[in-house]
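First up is the structure itself, then whatever we jot down about it.
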Number of protein chains: 4
Amino acid sequence: MNVDVIADATADQDRKAPGRPRSARADEAIIAATLDLLASGTPVEALSIEAVAARAGVGKATIYRRWANKESLIVDAVASIKGDVLPVPGISVREDLVTLLRPVGRMSQNKFGRIMPCLLNELRRNPQLAESYRELTEPRREALRRVIRRGIATGEIRSDLDVEVAVTMLVAPLIVQNVLAPNPALEGVDLPAELVDTLLSGPAATAGAGPVAAAG
Amino acid sequence: MNVDVIADATADQDRKAPGRPRSARADEAIIAATLDLLASGTPVEALSIEAVAARAGVGKATIYRRWANKESLIVDAVASIKGDVLPVPGISVREDLVTLLRPVGRMSQNKFGRIMPCLLNELRRNPQLAESYRELTEPRREALRRVIRRGIATGEIRSDLDVEVAVTMLVAPLIVQNVLAPNPALEGVDLPAELVDTLLSGPAATAGAGPVAAAG
Amino acid sequence: MNVDVIADATADQDRKAPGRPRSARADEAIIAATLDLLASGTPVEALSIEAVAARAGVGKATIYRRWANKESLIVDAVASIKGDVLPVPGISVREDLVTLLRPVGRMSQNKFGRIMPCLLNELRRNPQLAESYRELTEPRREALRRVIRRGIATGEIRSDLDVEVAVTMLVAPLIVQNVLAPNPALEGVDLPAELVDTLLSGPAATAGAGPVAAAG
Amino acid sequence: MNVDVIADATADQDRKAPGRPRSARADEAIIAATLDLLASGTPVEALSIEAVAARAGVGKATIYRRWANKESLIVDAVASIKGDVLPVPGISVREDLVTLLRPVGRMSQNKFGRIMPCLLNELRRNPQLAESYRELTEPRREALRRVIRRGIATGEIRSDLDVEVAVTMLVAPLIVQNVLAPNPALEGVDLPAELVDTLLSGPAATAGAGPVAAAG
DNA sequence: CGTTAATCGAGACGGTACGTCCTGTCTTCGG
DNA sequence: CCGAAGACAGGACGTACCGTCTCGATTAACG
């Protein structure tokens, strides 16, 4: 969130600031330039204010007047893309989970996906950015949680599952595979489907008979 | 890989290079200094060759003579720590898996763990570093695979499990939780144990007959 | 000459440059540091921009923004010391000449004298520095010329003398003796007086009538 | 003088050193390379041992084994060119002096002349180089002295002249004009002739009457 | 005639300075 | 007051030499 906007909001909603008001166009141009640069591959550590200012057609001071440092600019830029709406789930629990996970497995193909990987290294160091990150991913995690709970209610999923752990086991492999250190052994695999099957003890659902029964 | 080693390999394995040979002590000092700086918190992007040279007591040219750039120095430095041996697993499959996963959950407490997080952001961009990373983690993954296969053989684990997917579902959540974006909802949880339980015991509970019972 | 001054002179004398103007304090600090280092014995070839920047409390870029290289910085630094005023001459032509030459014979004892010798080697290569040098020495040469012309007018000096050649014959031996290659055979000699006597009195002695006698 | 030769001379003239003797070809190649580089414009301060070694086809250690530093190499290199013989003087004293001075006025056209200017800056700092310089110039000065004394004996030159001062007054202007800081006011002048005329009280010789007499 | 030892070219060593670039801050101008 | 422009101090970059050192290979005199 823009520092001035915060200040204005907490101090005086109605009174006009003296002098020339800040240009909303500049705000937008700066945020857009930041996202553009991140999406076009610039790693966060190499994202220079100078480059952002140049691409936004704005003076460096104009950026520093609004954000205290590079990190908070990035936090705001990231927070601004929260709009990306979520797909609506389907009918079968298994199908719904796979549907929800699939875009995570194709992260490198949308804007959100191209920006995220650049930020991951900063998450450890920057709690605010981590917060923004969580705010962005939370709706997706919540959707997963809802489907899992629905599955438990309908008996499609066993009831002793820790929902949070389950969600993490579904999402984390995709993040690691797509964003950090792709494992060549998993390259051709339809990972979202495999993950769901593995978690939900596929055999019971796919063959009608669990592996133990088959082995017995 | 060291530039000279490359040269030797492509040219002539046996003939000695003319002139004074390169100092092995310098090699070691440079690698050690690099790892020290990484372990002491310096982020990869802020690791300067100048600082490495100073800490190693070495001229900058001595570094540039061996490595073309910062990245390949880091690749070699990382590759050099592969020595960290693995703990030997125990008896019960469930216990063995938890034992193997536990150190991953405590990565921030050993040298390897303090260095790794600094590198993750580079993995996407630098295939060589990614290769080094995989070489380092592969023995740990292989140990997990062996235990899982043993469990399948003894009937403690259902046989339809894709071993690679299972390994990833165990490891990835720990990496994400400890290194990237800790999820506050999982903060107090004994994640290694929860992961193993979620993966292994689920089917047993839903199918009415656990693998242990079947094996008994 | 400062690069900016050049730019202004060739482009537009009146229009202000955009952006923050250059700091006059930095200019002065850089020139002062340069002269300090030269005067304290640093030979021109060992004068490093890095040292100048450090002593001036200035970034290297601030120096390179103003001067393209070390040489032109030195040219400007030298040009800036032209202020050293000249002593006023006395009454007798012979005495006046000796008075004017004496400081040249004691160059190693004043600031100007300690800096000059460091520059001589550069004069051949650097026409701009040679120009600065000439601008600094010209007032002194002009003073000598005036005295010689006065002597010719009053009859104290023979009238066929080429003034420029005479000035050079007085000054060059002192430069060579004090700055370049002292001749041991002239070590104890009061060179300024000897030079004037040799130049002026010679003809008088051979012709039987000294200039003073002629003027008396 | 070569460091080893010194050692041999002071210790034991006859006993041969054990081991492989030093290569005379290397000595010559190094000296020649040094003079080449100096003559081809490289200023003394920019003459790198590395360049000398490269041009001589010799290792750097081969140079440092013989000379303690760059300066003493240059001293020896300069000393090695003393061979340049002097022209023989003519009949008239005035003509002889002009003949002797003329080559000094054309220094930039022979090898000696192209090397000398590079050295002048070092003379102040390096007594050994100054000594070499004096040894090289002394024969020329001595020739001038002899002619001047001959002129005094024959009555062509007045007898009260300090010979050393006179020599300096003839030579120093040429050095300054040709090597250090050429005075534009003297550019078209036949300086050697003018100097001799000015010193020898030209009028007496050219017009038969001294200036004082003419003015009286 | 083989041993011996100082030489040779080559090149790595720890340093220092180079001139460039970019950082985040600051200071001025014109609108 | 705002925007743009650009100077500010600082510091890392990768290169070039410095003068020293260390290597394997020569090479000449001594034994």
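The sequence lines fix the lettering, A, B, ..., with proteins before strands; numbering per chain opens at 1. Owing to the predicted nature of the structure, the values given are computational and were not obtained by experimental measurement.
Contact annotation: Tyr64(C) reaches the phosphate of dG19(E) (side-chain N/O to OP1 or OP2, under 4.0 Å). Put simply, Thr62(D) has a side-chain N or O that comes within less than 4.0 Å of OP1 or OP2 on dG9(E). For dA7(F), one of the phosphate oxygens OP1 or OP2 lies less than 4.0 angstrom from a side-chain nitrogen or oxygen of Arg22(C). OP1 or OP2 of dG3(F) has at least one side-chain nitrogen or oxygen of Arg66(A) nearer than 4.0 Å.
Judged as a salt bridge (Lys or Arg N to Asp or Glu O under 4.0 Å), and not counting sequence neighbours, the contacts of Glu131(A) are Arg134(A). Partners of Ala32(B) by side chain to side chain contact (heavy atoms under 4.5 Å, CB included), not counting sequence neighbours: none found. Residues passing the salt bridge (Lys or Arg N to Asp or Glu O under 4.0 Å) test with Lys60(D) are Glu50(D), sequence neighbours excluded. Checked against side chain to side chain contact (heavy atoms under 4.5 Å, CB included), Ala54(D) has no partners two or more places apart in sequence or in another chain.
Atoms CD1 (Ile63(B)) and P (dC13(F)) sit 9 Å apart, rounded to a whole Å. Between Glu28(C) atom CD and dC8(F) atom P there is a gap of 13 Å when expressed in whole angstrom units. Trp67(C) has its CH2 atom 15 Å from the P atom of dC18(E), to the nearest Å. Remark: P of dC2(F) and CZ of Arg25(A) are 17 Å apart, rounded to the nearest angstrom. In this structure, CD1 of Ile30(C) is placed 13 Å from P of dA7(F), rounded to the nearest angstrom. Rounded to whole angstrom, the span from the CD atom of Glu45(B) across to the P atom of dA12(F) amounts to 14 Å. Atoms CD1 (Ile74(D)) and P (dC18(F)) sit 11 Å apart, rounded to a whole Å.
Judged by closest nucleotide on DNA chain E, Ala24(B) is the one of Ala24(B) and Pro21(C) placed further toward the 5' end.
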Could you list the protein-to-nucleotides 15-17 of chain E atom pairs, N/O on both sides, closer than 3.5 Å?
none

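With a 4.5 Å cut-off on side-chain heavy atoms, Ser80(D) and Leu35(D) count as touching.
The CG atom of Leu73(A) sits 4.0 Å away from atom OG1 of Thr34(A), with the distance rounded to the nearest 0.5 Å.
If you check distances only, the side chain of Arg20(C) never reaches the base of dC8(F) with a donor-acceptor pair under 3.5 Å.
Within the structure, salt bridge (charged side-chain N to carboxylate O under 4.0 Å, His left out) pairs that include any residue of residues 29-44 of chain C comprise Asp36(C)-Arg55(C) (at least two apart or interchain).
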